[in-house]
Amino acid sequence: MRLDKFLKLSRIIKRRSVAKEVCDLGNISIGDKVAKAGSEVKPGDILTIKFGNRNLTVRIISTPEVVRVQEAPETYEILNEIGN
């Protein structure tokens, strides 16, 4: 699954266009490599996301094609969160 699509479906970032923008700025990495919006992600991947003064590190648990709002937090596990 594409990174920008996963970020939107998991509700980490609410809109896919915003997810693409954050990726284009180089603020998301998969493992230790800077990721592009079209980068493929899979369960087990570690994402580090920088939102201004907030850093969020998550592990992808699943990449379903359709996710209900209440199920979105089940698609990832927060490993570390710094900032607001």
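Any value given below was found using the heavy atoms of this structure, including those in side chains, with hydrogens, waters and symmetry copies removed.
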Rounded distance [0.5 Å steps], [atom1] in [X] versus [atom2] in [Y]:
X: I49; Y: N27; atom1: CD1; atom2: CG; result: 10.0 Å
X: M1; Y: L7; atom1: CE; atom2: CG; result: 10.5 Å
X: K20; Y: R15; atom1: NZ; atom2: CZ; result: 13.5 Å
X: I12; Y: L47; atom1: CD1; atom2: CG; result: 6.5 Å
X: I60; Y: F6; atom1: CD1; atom2: CZ; result: 4.5 Å
X: S10; Y: K5; atom1: OG; atom2: NZ; result: 12.5 Å

For this session: Side-chain contact test, heavy atoms from C-beta onward, threshold under 4.5 Å: evaluate it for S39 versus I30 and give yes or no.
Result: yes
Problem set entry | Check: I28 and L3 side chains under 4.5 Å, non-hydrogen atoms | yes
Problem set entry | side-chain hydrogen bond (donor to acceptor under 3.5 Å, both in side chains) against R16, all qualifying residues, sequence neighbours excluded | D4
For this session: Kindly write out the residues that satisfy side-chain hydrogen bond (donor to acceptor under 3.5 Å, both in side chains) with K42, not counting sequence neighbours, or none if the list is empty.
Result: D45
Problem set entry | Intermediate values then yes/no, side-chain contact (heavy atoms from CB on, under 4.5 Å), L56 and I78 | CA-CA 7 Å; L56 180 65; I78 297 175; 3.9 Å; yes
Problem set entry | Greater than 12 external heavy atoms within 6.0 Å of R11's CZ | yes
Exercise. Hey, any chance L79 and F51 share a hydrophobic cluster, counting ILVMFWY side chains that come within less than 4.5 Å of each other, even indirectly?
Worked result: no
Problem set entry | Path from V34 to V18 over hydrophobic side-chain contacts below 4.5 Å | no
Exercise. Hydrophobic clusters join Ile, Leu, Val, Met, Phe, Trp and Tyr when side-chain heavy atoms are under 4.5 Å apart, directly or via other members; which others share one with I61?
Worked result: none
For [X] against [Y], the heavy-atom pair lying closest together:
X: A37; Y: C23; value: N-CB, 3.6 Å
X: K14; Y: K8; value: O-CG, 3.7 Å
X: P73; Y: V69; value: CD-O, 3.8 Å

Exercise. Does the distance from a Lys or Arg side-chain N to an Asp or Glu carboxylate O, for E40 and R2, drop under 4.0 Å?
Worked result: no
Exercise. Of T57, T48, I46, which meets side chain to side chain contact (heavy atoms under 4.5 Å, CB included) against N80?
Worked result: T57
